[in-house]
Amino acid sequence: MKETMLDASFVQEMIEVSSNLYRLGWDERNGGNISYLLTEREVSRYIDVSNEGRTVPMKFDASELAGHYFIVTGSGKYFKNTAKAPSINLGVIRIGDSGDNYDIIWGFEDGGFATSELPTHLMNHMERLKADPDHRVIMHCHATNLIAMTFTHSLEENMFSKTLWEMCTECIVVFPEGVGIIPWIVPGTNEIGEATAKRMKDVRVVLWPHHGVFGAGATIDETFGLIETAEKAAEVYSIVCAQGGKRQTITDKQLQDLADAFGVTPRKGILQL
Ligand code: 13P
Ligand code: ZN
């Protein structure tokens, strides 16, 4: 018997990560969205890809991704419900040849659509694929402590990145390029997508002040791990502030020693050596 889409490892990965993001409190209600680039081969193992499906227009140019397949979370869908109803909360889409629409070839069975943040997701994919041929995943969530830090900490990228690096020893190893931060912009717009994608040229974590975070990576695990690491550092920062602030820290020299030991290059202009 032919396997169904629910047997696909990429569907199982989407279910698992949505459930974890919900459990961690980073995706309340319909908060958060994920898109995962798939090959035609991966998709055609489970469904007939010659099926046109429902066509949905887009108001931006994604022609660089024409013919590409993604599994994406649905607009207005709750991550807590993904495991019990994957074919309603998730969908597989194919970007149309003209780059200004997509076909839903599986899922969104209640008539739903891809996330309202599709402009940011697809624009980010376009940038990250230029930077890293192995890139496949864009993930957005409302990570609690990172959001909180955007109220209390300077929003200057180098200062923010340095604070995160200082809060947990592994941070500089996981995101040596630091984090990007864009101004506050209305979500779901092309404008926020363009601003985010511009920063995604050279970083894999972009903060949306007072809203959440976007992460990029080659796999679901790696992208989730990246966000988890930044959020953990932000949580430590919250606790350090609540305990009355730093009395000592990891020094710039120690951060550089770490980078040297792990063979990574920290973003220039942050460490003062
Ligand atoms: P969607 O439900 O459309 O994915 O939107 C959730 C969200 O987090 C918007 O930024
Ligand atoms: Zn959001």
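Whatever order the structure lists them in is the order used to number ligands and atoms, beginning at 1. Keep in mind the model is a prediction, meaning the values are calculated, not measured.
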If you count every heavy atom of other residues, nucleotides or ligands that lies below 6.0 Å from Glu28 atom CD, does the total exceed 12? yes

Cut-off under 2.8 Å, centre the Zn ion (ligand 2), protein N/O/S atoms: His140 NE2, His142 NE2, His211 NE2

Checking Glu117 against Asn33: is there a side-chain donor and acceptor pair closer than 3.5 Å? no

Looking just at side-chain N and O atoms, do His125 and Ser35 make a donor-acceptor pair shorter than 3.5 Å? yes

Pair Ser238, Asn145: side-chain N/O donor-acceptor within cut-off below 3.5 Å: yes

Side chains of Gln256 and Asp252: is there a donor and an acceptor less than 3.5 Å apart? no

Report yes or no: do Ser87 and Trp106 form a side-chain donor-acceptor pair below 3.5 Å? no

I'd like to know if Ile138 and Ile192 are part of one continuous hydrophobic network [Ile/Leu/Val/Met/Phe/Trp/Tyr, side-chain heavy atoms within less than 4.5 Å]. yes

Please output the residues near ligand 1 using a strict heavy-atom distance under 4.0 Å, listed in chain and residue-number order. Asn30, Gly31, Gly32, Asn33, Gly74, Ser75, Gly76, Thr115, Ser116, Glu117, His140, His142, His211

Quick one about Glu42 and Thr39 (side-chain donor to acceptor, distance below 3.5 Å, no hydrogens or angles considered), yes or no? yes

Answer yes or no on whether Arg54 is positioned over the face of Phe113, meaning its NZ or CZ is under 6.0 Å from the six-membered ring centre and within 45° of the axis. yes

